[in-house]
Amino acid sequence: MSERVVLAYSGGLDTSVAIPYLAEQTGGDVIAVAVDVGQGGEDLEEIRKRALACGAAEAVVVDAKEEFAADFCVPALQANALYMDRYPLLSSLSRPLIVKHLVAAAKRFGGTTVSHGCTGKGNDQVRFEAGLAALAPDLKIIAPARDFAWTRDKAIAFAEEKGLPIDVSAKSPYSIDQNLWGRAVETGFLEDIWNGPIEDVYDYTADPAEPREADEVVITFESGVPVALDGRPLTPFQVVDELNRRAGAQGVGRIDMVEDRLVGIKSREVYEAPAAIALIAAHMELENVTVERDLARFKRSVDQRWGELVYDGLWFSPLKDALDAFIADAQKHVSGDVRMTLHGGRAVVSGRRSGASLYSYDLATYDTGDAFDQSLAKGFVELWSLPSKIAAKRDREV
């Protein structure tokens, strides 16, 4: 049987050109796989037709929006995943899902090789290939942009030579990756880190400085999963989709940062993640109400490590599996409602309630009815500070 190459296909110039190019390089058939993770844009059927028109032997399109929300965005939310305390892992969440469907297509069509459009400077090459190594280690991998020094100029010339049905004239000044969880923008004038972003950069969010009425929303969680907005039951996809619109209209979720890439370089990135930022803020506040103190303290370190693993492309790894089990257990009581005000680029919690709340008004109040026995505090403080007191005395004597 001849070689069969399964290509992660976006429908754009680079991956469209990759179809005939890979066929020439390998002498085999190319199977294009396009996965909808809520990135918007063209209809999936149009993308499938373009892949076939560019020479693909087969073209598979997968509507994975609900799967992406439930199986990838929700775990990131439960882990309060913010790389470097700011970035809510947009691209790094979609890559393992795409890998799953590439492997499924390889099994279905007898694929021997997988190809992706990543360069050698970014993180995504690691995410694709580490995922493939875990799920299908026998598959070979080709990355034309990295392995064959495939530049945009070469791609345009090749497309024109082959008469491919794609528009090679339009070129955005930015490199953009987007999905349901958010939008990432880089390159162009943003590579000078002194240059501030202009409004032209943004698409998911409105200018937060524009005057508008505030939007109040109540988010309902069950075991750490968002299940309703304003009392309306919704799937995780529907929750994220609606909050992207509502929080985005208030300018929530803009991030401008220089981050540490896995390959060792620093990169300037501009992100928009209105739903992700609002949901993480709400989820963290509900955890403050429902998760016991020492468990919450330890979970913060787990959350950070979970985010680093996913950013570094290790979604399919033993450590992440173990951390997933811990986080799932920690979410047992994270149920209730969080009220948020969306306005002026901020998502601010204004109310919280839960049947599993650890907050006790009777213990917290300073008014009549206070149930906290303050007479116990004096001895507690003395015993708590005793080791430090003994050490301080020793130090003075020595």
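Every value quoted in this text rests on a predicted model; they were computed, and no experiment measured them.
- The distance from the CD1 atom of Ile255 to the OH atom of Tyr87 is 9.0 Å, given to the nearest 0.5 Å.
- Note: Tyr83 and Tyr311 have parallel aromatic rings, judged against thresholds of 30 and 60 degrees for the angle between ring planes.
- Closest approach of Val240 and Trp181 over heavy atoms only: CG2-CZ3, 3.8 Å.
- Residues Pro88 and Ala273 come closest through the heavy atom pair CG-CB, 3.6 Å.
- Salt bridge annotation for Arg108-Glu58: absent, with no cationic side-chain nitrogen under 4.0 angstrom from a carboxylate oxygen.
- Between Arg394 and Glu397, no side-chain nitrogen of the basic residue sits less than 4.0 Å from a carboxylate oxygen of the acidic one, so the salt-bridge criterion is not met.
- With Met84 as reference, Glu259 is the one residue of Glu259, Glu308, Gln304 to meet the side-chain contact (heavy atoms from CB on, under 4.5 Å) rule.
- Interatomic distance, CD1 of Ile19 versus CG of Asp29, reported as 12.0 Å (0.5 Å rounding).
- Side-chain contact of Glu242 with Gln238: a donor-acceptor pair under 3.5 Å is absent, judged by distance alone.
- At a threshold of 4.0 Å, the pair Arg146-Asp124 does not count as salt-bridged, since none of the basic side-chain nitrogens sits closer than that to a carboxylate oxygen.
- Val252 and Val270 sit in two unconnected hydrophobic clusters of ILVMFWY residues. Membership requires side-chain heavy atoms under 4.5 Å apart, directly or through other members.
- When only modelled atom types and interatomic distance are considered, Gln178 and Asp203 share no side-chain donor-acceptor pair under 3.5 Å.
- A side-chain N or O of Glu129 and one of His116 form a donor-acceptor pair less than 3.5 Å apart.
- A salt bridge links Asp230 and Arg246; the closest N-O separation between the charged side-chain nitrogens and carboxylate oxygens is under 4.0 Å.
- Residues Trp315 and Phe72 bring their aromatic ring centres within 6.0 Å.
- Using modelled atom types and a 3.5 Å distance limit, the side chains of Trp306 and Asp324 yield a donor-acceptor pair.
- Leu77 and Leu323 fall within the same hydrophobic cluster, defined by Ile, Leu, Val, Met, Phe, Trp and Tyr side-chain heavy atoms under 4.5 Å apart, directly or through other members.
- Using a 4.0 Å cut-off between charged side-chain N and carboxylate O, Arg339 and Asp337 make no salt bridge.
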Show your working on salt bridge (charged side-chain N to carboxylate O under 4.0 Å, His left out) between Glu46 and Arg50 and close with a plain yes or no. CA-CA 6 Å; Glu46 290 301 314; Arg50 182 176 305 127; 5.8 Å; no
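- A single hydrophobic cluster is not seen to contain both Val263 and Leu132; linkage of ILVMFWY side chains at heavy-atom distances under 4.5 Å, directly or through other members, places them apart.
- If you take CG on Asp85 and CG on Asn80, they are separated by 11.5 Å, rounding to the nearest 0.5 Å.
- With Arg353 contributing its side chain and Gly351 its backbone, the two residues share no donor-acceptor pair below 3.5 Å.
- Leu314 is not listed as a side-chain neighbour of Leu319, based on a closest heavy-atom distance of 4.5 Å or more.
- Atom OH of residue Tyr361 and atom CG of residue Leu363 lie 12.0 Å apart, to the nearest 0.5 angstrom.
- At least one side-chain heavy atom of Lys299 sits less than 4.5 Å from a side-chain heavy atom of Gln331.
- A 4.5 Å side-chain heavy-atom check between Val35 and Phe68 finds every atom pair outside the cut-off.
- Separating the CG atom in Asp303 from the CZ atom in Phe326 is a distance of 8.0 Å, to the nearest 0.5 Å.
- Shown here for Ala106 and Leu139, the closest heavy-atom pair between the two residues is CB-CD1, 4.0 Å.
- Between Ala8 and Ile98, the shortest heavy-atom distance links the atoms CB-CG2, 4.4 Å.
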Go through the steps for Phe316 and Lys100 under the test side-chain contact (heavy atoms from CB on, under 4.5 Å), then give the verdict. CA-CA 10 Å; Phe316 305 105; Lys100 278 183 58 180; 3.9 Å; yes
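- Nearest heavy atoms, Ile280 versus Leu82: CD1-CD2, 3.8 Å.
- Considering only heavy atoms from C-beta on, Arg254 stays 4.5 Å or farther from Asp256 through its side chain.
- Residues Pro197 and Arg268 meet the side-chain proximity criterion, which asks for heavy atoms closer than 4.5 Å.
- By the rule that hydrophobic residues join a cluster once side-chain heavy atoms approach within less than 4.5 Å of another member, Met257 and Val201 end up as members of separate clusters.
- A donor and an acceptor atom, one from each side chain of Thr365 and Asp370, are nowhere located under 3.5 Å apart.
- Once rounded to the nearest 0.5 Å, the distance linking NZ of Lys389 with CG of Leu383 reads 10.5 Å.
- Ion pairing of Lys266 with Asp260 is present here, as a side-chain N (NZ or NE/NH1/NH2) and a carboxylate O approach within less than 4.0 Å.
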Using the salt bridge (charged side-chain N to carboxylate O under 4.0 Å, His left out) rule, take Arg245 and Asp215 through it: C-alpha gap first, then chi angles, then the decisive distance, then the call. CA-CA 11 Å; Arg245 294 193 300 272; Asp215 185 4; over 6 Å; no
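- Hydrophobic cluster membership is shared by Phe298 and Met284, with clusters built from Ile, Leu, Val, Met, Phe, Trp and Tyr side chains linked at under 4.5 angstrom.
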Before you tell me yes or no, could you show the steps for Arg261 and Glu186 under salt bridge (charged side-chain N to carboxylate O under 4.0 Å, His left out), namely the whole-Å CA-CA distance, both residues' side-chain angles and the distance that decides it to 0.1 Å? CA-CA 13 Å; Arg261 282 188 178 177; Glu186 62 177 350; 2.7 Å; yes
